[in-house]
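These notes concern the structure reproduced below.
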Amino acid sequence: MLVFAASDKGGTGRSVTSINLAYRRALDGDDVCYLDFDFGSPTAPAVFDIPDVAKEAKGRGLHSYLNGMTGEALRVDVWARTEHQVLRSRPSGAGRLVLLPGDRTGGEFVTDGASLHRCVDLVNALRREFNLIVVDLSAGRSYAMELALSATAQTELRSLKTRWLVYHRWTRQHVMAAADLVTGERGIVSAGVSLGHDKDQLLGAIRFVRAAVPDLGSPQWSQVPPAQFAWMRQCNRELEGIAAGLGIGRSRVLGSVPLEPVLQLQEQLITDEDVLDSRIANIQTWQAIGELAERLADDKHWGLL
Ligand SMILES: Nc1ncnc2c1ncn2[C@@H]1O[C@H](COP(=O)(O)OP(=O)(O)O)[C@@H](O)[C@H]1O
Ligand SMILES: [Mg+2]
């Protein structure tokens with residue numbers, strides 16, 4: 001399965017949540033590779049806690065591969081290379097977890113026929129080795145997004161199960177931007193259709209993920225003054241209304257990850273050790289990411305609308 005992680009804005013939680021998703025699918029036994037197509041701001045090495053990758057990827061990362069500067073994109077075995085104490089040895093029953101880093105270029109690249117072919121070749125090679133390929137796209141209507149849509153429209157990749165996760169934060173601006181990225185002008189659907197995708201099929205393969213959402217039912221918020229709590233509940237209701245009105249209400253949402261103090265301060269993987277032993281992270285965050293990881297692979301949550 002191929003999964004694209006997209007968002008209209010930066011700072012939505014797309015990378016950190018997707019990396020946690022990839023980690024959880026690998027813990028569950030999937031062989032997972034994670035492709036960092038966000039060449040402007042590659043965060044994956046930091047989140048996986050592999051500090052040397054940025055240097056190593058120079059001239060050998062995905063950007064260089066797609067531009068034809070190297071014949072093979074660098075692969076980094078996360079279990080073997082991470083400096084994260086808990087991740088150091090591959091847990092029993094876990095699948096492979098491999099990062100294909102982007103090389104830091106400070107920006108975008110122009111896609112041409114040659115880079116499209118290289119992209120299709122790469123995905124075709126990876127699908128033989130991995131159950132799950134997660135691709136983190138850069139924010140907005142990017143070249144990376146266009147490349148993703150062009151590649152999956154090619155006959156070689158048509159049979160590959162492909163899903164799109166569109167991330168957004170739980171604010172009015174973010175909700176509107178996420179809806180627009182999918183159904184707006186030059187959005188995923190219109191760009192996809194012009195590249196040869198079937199509209200309904202493409203729409204059926206897109207789900208939204210709400211990230212860093214204050215969960216008003218959790219104990220974290222029970223301490224706030226009553227007036228503040230009442231305002232938050234009212235705002236929450238209004239946001240649900242806006243999302244539903246834009247066609248990104250609950251039936252289109254794959255899951256919601258609560259506002260997590262650890263992630264507010266640091267981009268990192270949330271491990272069971274963080275939740276059960278050191279207790280620095282909330283169990284609700286662990287559960288929400290687990291639920292997302294399950295639903296990602298469960299056909300029941302996907303398909304034509
Ligand atoms: N559930 C969450 N709760 C709190 N902060 C979060 C959560 N998810 C992500 N963040 C934080 O938000 C910031 C942006 O996340 P990131 O994944 O880098 O966004 P993007 O890839 O969309 O630009 C990071 O500092 C990250 O740690
Ligand atoms: Mg990112």
Side-chain angles (χ1 to χ4, degrees), residues 3-24 34-50 53-54 57 61-63 84 99-108 134-145 148 164-171 173-178 180-182 188 207-221 232 236 239 253-271 274-275 280-293:
V3 174
F4 291 113
S7 68
D8 187 63
K9 292 176 178 286
T12 57
R14 164 174 40 85
S15 303
V16 171
T17 314
S18 305
I19 292 168
N20 273 281
L21 270 184
Y23 165 60
R24 296 293 287 275
Y34 186 91
L35 278 59
D36 195 348
F37 267 38
D38 188 354
F39 304 120
S41 58
T43 37
V47 180
F48 283 125
D49 211 347
I50 318 177
V53 165
L62 280 172
H63 186 273
H84 193 300
L99 165 66
L100 277 73
D103 18 14
R104 188 182 284 279
T105 58
E108 283 279 356
V134 180
V135 183
D136 185 16
L137 302 173
S138 33
R141 291 150 167 80
S142 59
Y143 287 114
M145 181 186 107
W164 288 75
L165 296 178
V166 175
Y167 288 85
H168 64 84
R169 291 219 167 198
W170 194 225
T171 72
Q173 292 297 316
H174 273 267
V175 168
M176 292 191 315
D180 194 58
L181 178 69
V182 174
I188 296 174
R207 292 293 180 276
F208 295 84
V209 178
R210 300 173 180 176
V213 179
D215 172 11
L216 299 184
S218 82
Q220 203 178 345
W221 298 101
M232 289 180 82
N236 210 30
L239 282 169
V253 174
L254 193 66
S256 183
V257 182
L259 190 68
E260 167 54 55
V262 166
L263 298 180
Q264 267 186 302
L265 294 172
Q266 184 158 284
E267 297 77 5
Q268 66 164 63
L269 289 173
I270 302 289
T271 65
D274 296 329
V275 172
I280 56 168
N282 291 328
I283 182 93
Q284 290 87 349
T285 308
W286 171 264
Q287 287 166 341
I289 297 171
E291 196 171 77
L292 261 182

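When a ligand or atom number is given, it counts from 1 through the structure's own listing order. Below, all heavy atoms of this structure are taken into account, side chains as well, without hydrogens, waters or symmetry copies. Keep in mind the model is a prediction, meaning the values are calculated, not measured.
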> Near Val257, which atoms of ligand 1 are under 4.0 Å from a heavy atom of that residue?
Replying inline: 1 (N)

>> Side chains of Asp274 and Thr271: any donor to acceptor distance under 3.5 Å?
In response: yes

>> So, regarding Ser15 and ligand 1 (criterion: nitrogen or oxygen to nitrogen or oxygen, under 3.5 Å), is there a contact or not?
In response: yes

> Checking Arg24 side chain against Leu292 main chain: does a donor-acceptor pair fall under 3.5 Å?
Replying inline: no

>> Parallel, tilted or perpendicular, judged at 30° and 60°: which one describes the rings of Phe4 and Trp164?
In response: tilted

> Does any N or O atom in Arg14 lie less than 3.5 angstrom from one in ligand 1, N or O only?
Replying inline: yes

> Can you find an N/O atom of Gly11 closer than 3.5 Å to an N/O atom of ligand 1?
Replying inline: yes

> Knowing that exactly one of Asp36, Asp8, Asp38 qualifies, which makes a salt bridge (Lys or Arg N to Asp or Glu O under 4.0 Å) with Arg14?
Replying inline: Asp38

>> Any nitrogen or oxygen of Leu259 lying under 3.5 Å from a nitrogen or oxygen in ligand 1? Just yes or no.
In response: no

> Quick one: nearest non-hydrogen protein atom to atom 26 (C) of ligand 1, plus distance?
Replying inline: Leu263 O, 3.5 Å

> With a 4.0 Å heavy-atom cut-off (strictly under), which part of Ala211 contacts ligand 1: side chain, backbone, both or neither?
Replying inline: neither

>> Determine whether a donor-acceptor pair (N or O, by modelled atom type, separation under 3.5 Å) exists between the side chain of Asn20 and the backbone of Ile270.
In response: yes

> Starting from atom 19 (O) of ligand 1, which protein heavy atom do you reach first, and at what distance in Å?
Replying inline: Gly13 N, 3.0 Å

> Which of the numbered atoms in ligand 1 are below 4.0 angstrom from a heavy atom of Gly10?
Replying inline: 23 (O)

> Between Asp180 and Arg141, does a salt bridge (Lys or Arg N to Asp or Glu O under 4.0 Å) hold up when you go through it step by step?
Replying inline: CA-CA 10 Å; Asp180 194 58; Arg141 291 150 167 80; 3.0 Å; yes

>> For the backbone of Gly11 and the side chain of Arg169, can you confirm whether one donor and one acceptor N or O come within less than 3.5 Å of each other?
In response: yes

> How far is atom 18 (O) of ligand 1 from its nearest protein heavy atom, and which residue and atom name does that atom have?
Replying inline: Val16 CG2, 4.2 Å

> Considering only heavy atoms from C-beta outward, does the side chain of Tyr34 approach that of Val47 to under 4.5 Å?
Replying inline: no

> Do you see an N/O/S atom of Ser15, backbone or side chain, under 2.8 Å from the Mg ion (ligand 2)?
Replying inline: yes

> Which option, Gln264, Arg169, Glu260, Glu267, owns the non-hydrogen atom nearest atom 10 (N) of ligand 1?
Replying inline: Arg169

> What protein heavy atom sits nearest atom 1 (N) of ligand 1, and how far off is it?
Replying inline: Pro258 O, 3.0 Å

> Which residue supplies the protein heavy atom nearest to atom 22 (O) of ligand 1, what is that atom called, and how far is it?
Replying inline: Thr12 OG1, 2.6 Å

>> Working to the nearest 0.5 angstrom, can you tell me the gap between His174 NE2 and Arg210 CZ?
In response: 14.0 Å

